[in-house]
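Lettering follows sequence order; numbering is per chain, from 1.
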Number of protein chains: 2
Amino acid sequence: MTNETMNIREMCDTFGVTPRTLRFYETKELLFPIREGQKRLFTRRDRARLKLILRGKRFGFSLEDIRQLLDLYHMNDGQEAQLSRSYELAKSHLADMEAQKAELEDAIAEMKEQMAWGENRLAELARKKGAAA
Amino acid sequence: MTNETMNIREMCDTFGVTPRTLRFYETKELLFPIREGQKRLFTRRDRARLKLILRGKRFGFSLEDIRQLLDLYHMNDGQEAQLSRSYELAKSHLADMEAQKAELEDAIAEMKEQMAWGENRLAELARKKGAAA
DNA sequence: AGCAAAGCTGACGTTAACGTAAACGTAACG
DNA sequence: CGTTACGTTTACGTTAACGTCAGCTTTGCT
């Protein structure tokens, strides 16, 4: 079975981050590794959270945004008010993400167009060079 | 017809940015407004570039990345080496964007799942409250 | 016991992308 | 002709997200 806990080095290797990053995320209350003496032990929960954190970052969410969203993913026994707040927050982020997706599709299409133009220009230049030889 | 040039205020209002931002982009060679005396006049080209800049930012590209990409969009008479470099750069960014899109779709699906779970919890809580009344 | 590797806690440094404030030019308006 | 509004340059300030370094335990190995 997947080890119950990981030390800081295993975490770093697994997720491609530095120790500093993990400690930083802890101070920001994004991760809650348990302690064995002084040393941090990262649980399955921490790994799940870190995965979501890194994903969130790729979409341009701030760590603070992410921290609040993680509440939705890891709320087992939240109060109604809290749960409802997280839910609204998630709704707004979902809207963001869907807007981002639409724009991304546009951008991809445009980029492809530009690249096609570039290809033509390059082909043209190649033809000229070939003719000159 | 759409005015040939815009002053700084019109630009800010149109794009929702501050004057500082536009001046900053100019120092970074992302925009090249012409001058009427001291004052900046932004051309159609500047507007097109700014639109792409803001879009790029939404996808998490750095201003420096964006500056280089703009070369592809505004290269009329580039040399082959330069054009080819821009083309490769664009290709890599396109790959990034398509990867991002795939991940985004995943994330959206996951988020929806979590929200569905949240909805159930909220409905459950509402039922309990209703029963208690 | 000795010593290096791995971790820890501050604390200060860094980069990107602007914000903000001071000090000045100039152009229209009453 | 004063002042109000808009624009400019120069320069220092700010925030997020870590990097880096110093100095101190703890752990494993020999």
Side-chain angles (χ1 to χ4, degrees), chain A residues 3-43 46-47 49-71 89 93 96 100, chain B residues 3-43 46-47 49-71 89 93 96 100:
Chain A
N3 266 338
E4 189 53 33
T5 70
M6 286 171 82
N7 67 23
I8 203 167
R9 185 101 304 275
E10 294 168 335
M11 283 293 278
C12 293
D13 294 348
T14 306
F15 292 97
V17 298
T18 70
R20 177 65 173 98
T21 299
L22 295 177
R23 295 186 195 115
F24 178 70
Y25 288 172
E26 187 182 358
T27 73
K28 293 286 170 173
E29 307 190 54
L30 289 161
L31 298 178
F32 306 96
I34 56 181
R35 297 302 179 106
E36 181 184 63
Q38 270 212 327
K39 305 194 169 165
R40 292 167 173 81
L41 289 181
F42 296 85
T43 67
D46 291 314
R47 295 195 290 271
R49 292 175 73 96
L50 182 52
K51 203 171 146 192
L52 291 170
I53 292 166
L54 297 177
R55 163 180 285 176
K57 288 200 55 185
R58 260 169 270 136
F59 301 146
F61 294 135
S62 76
L63 292 181
E64 177 54 22
D65 284 348
I66 294 170
R67 194 184 63 72
Q68 304 201 40
L69 280 177
L70 284 173
D71 290 351
L89 218 147
H93 277 275
D96 279 9
Q100 204 175 338
Chain B
N3 266 336
E4 190 52 33
T5 69
M6 289 170 82
N7 67 22
I8 204 167
R9 185 100 306 274
E10 294 167 335
M11 283 293 278
C12 292
D13 294 349
T14 306
F15 292 98
V17 298
T18 71
R20 177 67 174 96
T21 299
L22 295 177
R23 295 186 195 115
F24 179 69
Y25 288 172
E26 187 183 358
T27 73
K28 293 286 169 174
E29 306 190 56
L30 289 160
L31 298 177
F32 306 95
I34 56 181
R35 297 301 180 107
E36 180 184 62
Q38 269 213 326
K39 305 192 170 167
R40 291 167 173 82
L41 290 182
F42 297 85
T43 67
D46 290 315
R47 295 194 291 271
R49 292 175 71 96
L50 182 52
K51 203 172 146 192
L52 291 170
I53 292 167
L54 297 177
R55 163 180 284 176
K57 288 201 56 185
R58 260 168 270 136
F59 301 146
F61 293 136
S62 76
L63 292 182
E64 177 54 22
D65 284 348
I66 294 171
R67 194 183 62 73
Q68 304 201 39
L69 279 177
L70 284 173
D71 290 351
L89 218 147
H93 277 275
D96 278 11
Q100 204 175 336

ask   = Less than 3.5 Å between a donor and an acceptor, one on the side chain of Arg20(B) and one on the base of dT20(C), is that the case here?
value = yes

message = For the CD1 atom of Ile66(A) and the CZ atom of Phe59(A), what is their distance to the nearest 0.5 Å?
response = 10.0 Å

[atom1] of [X] versus [atom2] of [N]: gap in Å, rounded?
| X | N | atom1 | atom2 | answer |
| --- | --- | --- | --- | --- |
| Leu22(B) | dT9(D) | CG | P | 12 Å |
| Glu29(A) | dA17(D) | CD | P | 15 Å |
| Glu36(A) | dA6(C) | CD | C1' | 13 Å |
| Arg67(B) | dA16(C) | CZ | P | 13 Å |
| Phe24(A) | dT15(C) | CZ | C1' | 14 Å |
| Met6(A) | dA6(C) | CE | P | 16 Å |
| Gln38(B) | dT8(D) | CD | C1' | 5 Å |
| Lys57(A) | dA17(D) | NZ | C1' | 6 Å |

With respect to the phosphate group of [N], does any side-chain polar atom (N or O) of [X] fall under 4.0 Å of OP1 or OP2?
| X | N | result |
| --- | --- | --- |
| Lys39(B) | dT9(D) | no |
| Thr21(A) | dA17(D) | no |
| Arg40(A) | dT26(D) | no |
| Asn7(B) | dG7(D) | yes |
| Arg35(A) | dT9(C) | yes |
| Tyr25(B) | dC18(C) | yes |

task = Can you figure out which of dG7(D), dC18(D), dA17(C) approaches the side chain of Ile8(B) most closely?
result = dG7(D)

ask   = If you take all heavy atoms of Cys12(A) and Pro19(A), which pair is closest and at what distance?
value = SG-N, 3.4 Å

With heavy atoms under 4.0 Å as the rule, sort [X] into base, sugar-phosphate or nothing.
| X | answer |
| --- | --- |
| Arg23(B) | base |
| Lys28(B) | nothing |
| Arg9(B) | sugar-phosphate |

Gln100(B) backbone acceptor or donor facing Arg58(A) side chain under 3.5 Å = no

query = So, the side chain of Asp13(A) versus the backbone of Glu10(A): is there a donor-acceptor pair under 3.5 Å, distance only?
reply = no

task = Before accepting this row, confirm whether a basic side-chain N of the pair Glu64(B)/Arg67(B) lies closer than 4.0 Å to the acidic partner's carboxylate O.
result = yes

